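All chains are named by letter (A, B, ...) in the order of the sequence lines, taking the proteins before the strands, and each is independently numbered beginning at 1. Just so it is clear, the structure is predicted and the values come from calculations on it, not from any experiment.
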2 protein chains.
Amino acid sequence: MSTRVESAAELWLTWKRAFEAVRAPIVAEVTAGSDLSEPELSVLVTLFEAGGAARQNVLAAELGWDRTRLSHLLTRMEAREYVTRGKVTGGVEVALLTRGRDALDTSIPTLEDSARRHLLDALDPEDVRALRRIVRRLLTS
Amino acid sequence: MSTRVESAAELWLTWKRAFEAVRAPIVAEVTAGSDLSEPELSVLVTLFEAGGAARQNVLAAELGWDRTRLSHLLTRMEAREYVTRGKVTGGVEVALLTRGRDALDTSIPTLEDSARRHLLDALDPEDVRALRRIVRRLLTS
DNA sequence: CGACCCGTGTTGACATGTCAACATTCGCTT
DNA sequence: AAGCGAATGTTGACATGTCAACACGGGTCG
């Protein structure tokens, strides 16, 4: 029994550690200000990027989540008036409400700042280019 | 109001998406075989890499987790006889039990295989080198 | 000594995520 | 049109994670 894990697994595990190391402080800073949790913010951002409204299954796909999780979360967010859900042919469409947009306006600058400090600034331009390429590749495979 | 999120945040968000996209299938495959959840496997692997035993706070640091989470998880894992906890000057030391080692032996090959297919194979050698560099940098900053 | 302070870990209440089962709707086939 | 299957969401029970409060055990300094 060696004391090392094989190469692919090792790459995955260290990547995971690095990801956690970046995520933790960003989440801490972003959630400190607003009354949004990080997953809630993800939903709002994705919704925003989709133009303010999106089908629930599309949202789930974009986020890489499963339907159930999104459903529960949206139920909570609907109760707090961040979003609405409306039936649509073939499913449900979710739309940002004013309260959701306001929350976004408050949180995005913090997110931008945290992401810059904990991710961008930790890398040099070459790393950033490489990371973008890697991300693109992983998302299209 | 634009329809785009700024650069650092955008990098962070797409990275997060890519990470989720890789994590989901790996977790699905790894947990399908064994009766270990993914966090439990992480604990066992980290413990293994530390030589079979480690202080709880060290473990938490390695994993990038908070003490409470680890404590709860270890309580559950202790009940299932994967690990033991023993008091030590200045804290608690956790050690792998046979059942834990066995679970590792079963899961690691699957993990290796999944990680290779979903991560390594999706990237070319240059990407892999870049990712390793990025990870190292993020973990030491 | 004895009164802190700080790092560690645990606990219980609550928030969130997961899983399996179910409802609904749409498209396809006949 | 009627029936069927696949895709979409929801629900409730349970697993897991988070937060705030507490407990304990060293250091350190008066």
**Q** Would you say B:Gln56 reaches C:dT10's phosphate, i.e. side-chain N/O to OP1/OP2 under 4.0 Å?
**A** yes
**Q** In whole angstrom, what separates A:Leu36's CG from C:dA15's C1'?
**A** 15 Å
**Q** For A:Asp35 and D:dC19, what is the distance between atoms CG and C1' respectively, to the nearest whole Å?
**A**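 That distance rounds to 16 Å.
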**Q** Polar-atom pairs under 3.5 Å, protein N or O versus N or O of nucleotides 2-6 of chain D: list them with distances, or write none.
**A**
none

**Q** Over how many whole Å does the gap from B:Leu74 atom CG to D:dT16 atom P extend?
**A**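 It works out to 13 Å between those atoms.
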**Q** Output a table of nitrogen or oxygen pairs between the protein and nucleotides 11-13 of chain C separated by less than 3.5 Å.
**A**
residue : atom : partner : partner atom : Å
C:dG12  : O6   : B:His72 : NE2          : 2.9

**Q** Nearest whole angstrom, please: distance from the C1' of C:dG17 to the CG of A:Leu70.
**A**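 That distance rounds to 12 Å.
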**Q** Taking CG from B:Leu73 and C1' from C:dT10, how many angstroms apart are they, rounded to a whole number?
**A**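 Those two atoms, CG and C1', are 14 Å apart.
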**Q** If you pin B:Arg55 and A:Arg67 to their nearest nucleotides in DNA chain C, which one's is more 5'?
**A**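 The residue mapped nearer the 5' terminus is B:Arg55.
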**Q** May I ask you to verify if any side-chain N or O of B:Arg76 is less than 4.0 angstrom from the OP1 or OP2 atom of C:dT10?
**A**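 The answer is no; no side-chain N or O of B:Arg76 sits under 4.0 Å from OP1 or OP2.
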**Q** If I take atom CH2 in residue B:Trp65 and atom P in nucleotide D:dC19, what distance separates them, rounded to the nearest angstrom?
**A** 15 Å
**Q** Report yes if the distance between the aromatic ring centroids of A:Trp12 and B:Phe19 is under 6.0 Å, otherwise no.
**A** yes
**Q** Can you tell which of A:Leu131, A:Thr14, A:Val22 makes a side-chain contact (heavy atoms from CB on, under 4.5 Å) with B:Leu138?
**A**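 With B:Leu138 as partner, A:Leu131, A:Thr14, A:Val22 yield a single side-chain contact (heavy atoms from CB on, under 4.5 Å), made by A:Val22.
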**Q** Starting from the 5' end of DNA chain C, give me the residue, A:Asp66 or A:Lys87, whose nearest nucleotide shows up first.
**A**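 Result of the comparison: A:Asp66.
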**Q** CG of A:Asn57 versus P of C:dT25: gap in Å, rounded?
**A**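 Between P of C:dT25 and CG of A:Asn57: 16 Å.
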